[in-house]
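In the text below, chain A, chain B and the rest are named by the order of the sequence lines, each starting its count at 1. All heavy atoms count here, side chains included; hydrogens, waters and symmetry mates do not.
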Amino acid sequence: MATYDHQSIEKEAQERFAAAATPTDLSDTSREPYYLLFEFPYPSGDLHVGHWYAYALTDMYARYLRMRGKNVLFPIGFDAFGLPAENAAIKYGKTPHEWTYANMERMRAQIRSIGTTVDWSKEIATCEPSYYRWTQWLFTKLFEHNLAYRKEAPVKWCPKDQTVLANEQVIDGVCERCGTEVEEKRLTQWFLKITEYAERLRADLDALPWREDMKDAQRAWIGKSEGAKLRFQIADTTDFIEVFTTRPDTLFGVTYVVVAPEHALALQHANQSAVAAYLEATKKKSERERMENKEKTGVRIEDVSVLHPITGEALPVFVADYVLGSYGTGAVMAVPAHDERDFAFAQKNALPMKVVILPGSLSNEEKVSCYTGNGVLSNSGTFDGRQNTEAMWDIVQAAGGERTTNYRIRDWLVSRQRYWGCPIPVVYDPEGKPHVVPAEHLPWELPTDVDFVPNGKSPLASSQELHDRVTRIFGEGWTPEYDTLDTFIDSSWYYLRYLDPQNEHQFSSPELMRKWLPVNRYSGGSEHTTMHLLFARFFHKALYDLALVPTSEPFAERFNRGLILGTDGQKMSKRSGNVVNPDEVVQEYGADAVRCYLAFIGPYNEPGHYPWKPEGVTAMRRFLDRVYVLSQSLSDEAAPEHLLRVLATAEAKVAADTERFKLNTALSGLMVALNAFEEEKSVPRAAYHDFLRLLAPFAPHLTDHLFITTGGEGSVHATPWPAYDPALLVSDTMTIVVQVGGKRRGEISIAAGASQDEVLAKALTEAAVTAALGGKEPSRVIYVPGKLLNLVV
RNA sequence: GGGCGAGUGGCGGAAUUGGUAUACGCGCAUGGCUUAGGACCAUGUCUCGCAAGAGGUGAGGGUUCAAGUCCCUCCUCGCCCACCA
């Protein structure tokens, strides 16, 4: 079969695309704006098939929207700060800057090679001073509004490499670089108060048109728990241990109290040798041990007891690391009869248990399991006999407690002891008090005279230039902040900068933000559901509260793509040698075939995993070759009605499916149309051109070539999306499935618009139907207009 | 351990609100064309059955005139979170 020369056709088409490319005019008010965003890439060096999947499919949608008359913003940039640049720099002896910029250059060429229509005029790179200047400025705004603060916190530390590790570098509790078990070290760190936004981040999800499972993942991550704070007085003192519980109804079942190793009471009694030893052992426990070994350990704090808030009974106090210092109050009331963890700890240490909810499965003698369900209170003083759920808040009141809500989410630790990141725009006065760098000194540039080989300190501390800079600007005794910002901050606002990337006076244009926000559709990977997407939502809301952005949410629709696997069905990785190099496939089959293959591989907005199949690419190439061959049998006659119907049907399907990003079925609709066209002796030119228009977003190069070479005027991509008389979609006749008792007994063809009686009458002339009825009258007739007739006997 | 999602031909996957299960493509089979073909064309391709017909969407039950779709129980797989009191 004739096959087209994809190399020359695609090269020429890309030259035409480049010549015709005009930056999106964001101030254009004549057309409806549509902001289509995909997660900007980290410049790791090579585009892999996953990038293709993301960019090619969003490009199809961008092209489709333009044909529908939308003013489409489809930008690209680079998430250019990040750790791999440092590792690569150490490995290859280049600077992170050199390595990163070389990679970006390479990736730009690759992105062009797949025929995307991204708007390069809006390109940003987060490592550019002109970009991070505003990252820093926004950080200073958060600081000024008490949304950024410092406190001592544990960081991950690799004892072998003598370096602090970013969370991303810790894989299953070991250092990504050397495999050593990671320890914790306490350093003063910067945080953003995402917890202050926990409730809004959770509640505002309800109105977002996201897939429900993505919203659930964020809800779970935020983790709302309603409960109470209760105070247990420490005997013979006026001090209290405050605990958080979601089960105040079990208060009478408390047999001891547990504090976390970080709790003040534990530190206060570290003079007890057992306590000291336990705290020491806990500190030494590696991340991995904590994850793998869930056995409940802990020791009693001697000579300390607390009083039950209602009964006044004296209860022992333990320190145990199954209680987290960073959640709630860092202390819990233990109810071993009705809580799994307390049960395990009590059983191990032979502590008493007390059943207060019936029917509890635990008998005090056997102590084989605990009961966490609901029931009737017993052993609960005046509350005996009441339903636990109903009496819960009365118990809180009786205990002098207070109703409260806790969230699982923690404040966002944003400082990184790394080099290749945005410098935190902070300096310290001689007293050590932090001050933000004033706006006139931004960008607060990343120094270059830095030793970023790990030596146990933040690399920036080695910069003489940074020291001199601080002394020069702020005076003797002032010192710089040496940490850089988490790159998730860079990516928390990049979609705002795309609107106004060259602005030297503002981070973005308020006017354009009003016009273009929120982002209409954001496409990316599911791994970011509880990271980037949550960070960006928080950041955006914070800016909204500072009146810096006009919307309370950054993104309207969110589409998560699936994962392209290797030909062996495994995740692609260099190690398993199953990485598909897209450049090679494009070389052999053409970008259009690869684009169509990725579109056809499966539904985009579902968490599917799709193995790469080489024969799938050849199949798409075959499809495109058939489209090409069809161009050789065109006629100039008017399209007959049945072909118009084919086109109208295809148009309706492609449009509806493309809107939902179901590009696999959109393409199948085009294949159906092609099959019908091939039945014809010749295809009317106008009909063929319409077909090319429908296919244009998927295979932009070939369709453009064929459109031009068969007499089309201008680029196919500049032509409007075809429109058809809706009447073409309505057939003259309709096919009705006839069932008897729910079983299919035949189908009839009848004039469209026939009444139920007419359908029934015709159905009764079918032999199979009357046979199934066996002479009986149907007791009930169900008619689904235009579709189905069911005769119930 | 908890949460979420998914199980449909040999394979990727189709199937608006419950309304003809398996669209489209791959693979395979047979035939054609051909010196040849891993190219192309035609036909076929859920299972059983010569057929009429019957059965069939992980298993079992339920609701319904009608269930891949809704409800319950179970099994398997995937992803996320992992002592969050």
Side-chain angles (χ1 to χ4, degrees), chain A residues 1-3 211-217 219-221 223-225 227 243-248 250 258 260 290-296 320-324 326-335 338-342 344-345 406-410 526-527 529-530 563 569 596-597 600-603 606-620 622-623 625-626 629 653 656-657 660 662 664-672 674-675 678 735-747 768 771 778-793:
Chain A
M1 178 199 216
T3 184
R211 232 172 47 204
E212 211 49 46
D213 62 310
M214 297 181 205
K215 298 205 257 184
D216 281 343
R219 288 186 188 111
W221 187 265
K224 183 177 188 172
S225 289
V243 304
F244 172 72
T245 180
T246 55
R247 292 295 303 273
T250 63
V258 193
R290 276 173 189 265
M291 279 162 60
E292 284 174 358
N293 188 0
K294 295 270 175 67
E295 205 180 325
K296 308 270 178 300
D321 69 355
Y322 79 87
V323 174
L324 305 177
S326 55
Y327 182 77
T329 61
V332 302
M333 60 180 219
V335 187
H338 301 292
D339 180 277
E340 303 275 0
R341 295 146 304 187
D342 298 337
F345 187 74
N406 257 316
Y407 295 88
R408 204 194 75 104
I409 194 170
R410 308 294 151 82
S526 57
E527 70 275 19
T529 304
T530 53
L563 193 65
C596 287
Y597 173 61
F600 196 67
I601 202 167
E606 282 177 29
H609 287 198
Y610 310 110
W612 179 273
K613 300 183 96 175
E615 62 270 28
V617 185
T618 54
M620 288 306 119
R622 185 148 51 224
F623 165 67
D625 275 334
R626 284 163 58 202
V629 166
K653 180 158 184 63
D657 290 351
R660 295 184 296 151
K662 294 221 28 165
N664 54 333
T665 52
L667 212 41
S668 84
L670 288 166
M671 290 171 178
V672 170
L674 178 65
N675 290 343
E678 286 177 335
T735 305
I736 308 287
V737 170
V738 183
Q739 299 181 333
V740 176
K743 289 210 182 297
R744 187 179 192 277
R745 293 298 173 186
E747 60 181 43
S779 61
R780 194 174 154 195
V781 176
I782 288 138
Y783 180 56
V784 183
K787 278 187 181 160
L788 174 137
L789 182 77
N790 188 10
L791 306 175
V792 185
V793 280

Applying a 3.5 Å limit to both distances, which nucleotide forms a Watson-Crick or G-U wobble pair with [N]?
{"N": "B/rG25", "result": "B/rC11"}
{"N": "B/rC40", "result": "B/rG32"}
{"N": "B/rA51", "result": "none"}
{"N": "B/rG19", "result": "B/rC65"}
{"N": "B/rC79", "result": "B/rG3"}

Provide, to the nearest angstrom, the distance between the [atom1] atom belonging to [X] and the [atom2] atom belonging to [N].
{"X": "A/Trp221", "N": "B/rC4", "atom1": "CH2", "atom2": "C1'", "answer": "15 Å"}
{"X": "A/Trp612", "N": "B/rC26", "atom1": "CH2", "atom2": "P", "answer": "16 Å"}
{"X": "A/Lys224", "N": "B/rG3", "atom1": "NZ", "atom2": "P", "answer": "19 Å"}
{"X": "A/Glu615", "N": "B/rA39", "atom1": "CD", "atom2": "P", "answer": "12 Å"}
{"X": "A/Glu606", "N": "B/rA6", "atom1": "CD", "atom2": "P", "answer": "9 Å"}
{"X": "A/Met671", "N": "B/rA14", "atom1": "CE", "atom2": "P", "answer": "13 Å"}
{"X": "A/Glu212", "N": "B/rG5", "atom1": "CD", "atom2": "P", "answer": "9 Å"}
{"X": "A/Asn675", "N": "B/rU43", "atom1": "CG", "atom2": "C1'", "answer": "15 Å"}

Are any non-hydrogen side-chain atoms of [X] and [Y] less than 4.5 angstrom apart?
{"X": "A/Ile782", "Y": "A/Gln739", "answer": "no"}
{"X": "A/Asn675", "Y": "A/Arg626", "answer": "yes"}
{"X": "A/Glu615", "Y": "A/Val617", "answer": "no"}
{"X": "A/Val672", "Y": "A/Lys653", "answer": "no"}

What's [X] touching, base or sugar-phosphate or nothing? Going by heavy atoms closer than 4.0 Å.
{"X": "A/Val323", "answer": "base"}
{"X": "A/Tyr322", "answer": "base"}
{"X": "A/Arg211", "answer": "nothing"}
{"X": "A/Pro611", "answer": "nothing"}
{"X": "A/Val784", "answer": "base"}
{"X": "A/Leu788", "answer": "base"}
{"X": "A/Asn790", "answer": "base"}
{"X": "A/Ala220", "answer": "nothing"}
{"X": "A/Val332", "answer": "base"}
{"X": "A/Gln739", "answer": "base"}
{"X": "A/Asn406", "answer": "nothing"}
{"X": "A/Lys653", "answer": "nothing"}

Checklist entry - With A/Arg744, which residues qualify under salt bridge (Lys or Arg N to Asp or Glu O under 4.0 Å), at least two apart? => result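 Salt bridge (Lys or Arg N to Asp or Glu O under 4.0 Å) check on A/Arg744 returns A/Glu747.
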Checklist entry - Expressed in whole Å, how much space separates the P atoms belonging to B/rC75 and B/rG12? => result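 About 25 Å, rounded to a whole number of Å.
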According to a strict under-4.0 Å criterion, is [X] in side-chain N/O contact with OP1 or OP2 of [N]?
{"X": "A/Asn664", "N": "B/rG25", "answer": "no"}
{"X": "A/Arg660", "N": "B/rA14", "answer": "no"}
{"X": "A/Arg622", "N": "B/rG25", "answer": "no"}
{"X": "A/Lys215", "N": "B/rC80", "answer": "no"}
{"X": "A/Ser668", "N": "B/rG13", "answer": "no"}

Item to check | Residues A/Arg219, A/Asp216: salt bridge by 4.0 Å N-O rule | outcome: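 Here A/Arg219 pairs with A/Asp216 in a salt bridge, since their nearest N and O are under 4.0 Å apart.
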Checklist entry - Any idea if B/rG58 is syn or anti, going by the 90°-from-0 cut? => result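 Anti, which is what one calls it when the glycosidic angle falls more than 90° from 0.
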Next on the checklist: Both A/Gly223 and A/Ala619 contact RNA chain B. Taking the nearest nucleotide for each, which residue is further toward the 5' end?
Outcome noted: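 With A/Gly223 and A/Ala619 compared, the 5'-side residue is A/Ala619.
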Checklist entry - How are the rings of A/Trp612 and A/Tyr597 set relative to one another: parallel (under 30°), tilted (30 to 60°) or perpendicular (over 60°)? => result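 Because their plane-to-plane angle is over 60°, the rings of A/Trp612 and A/Tyr597 count as perpendicular.
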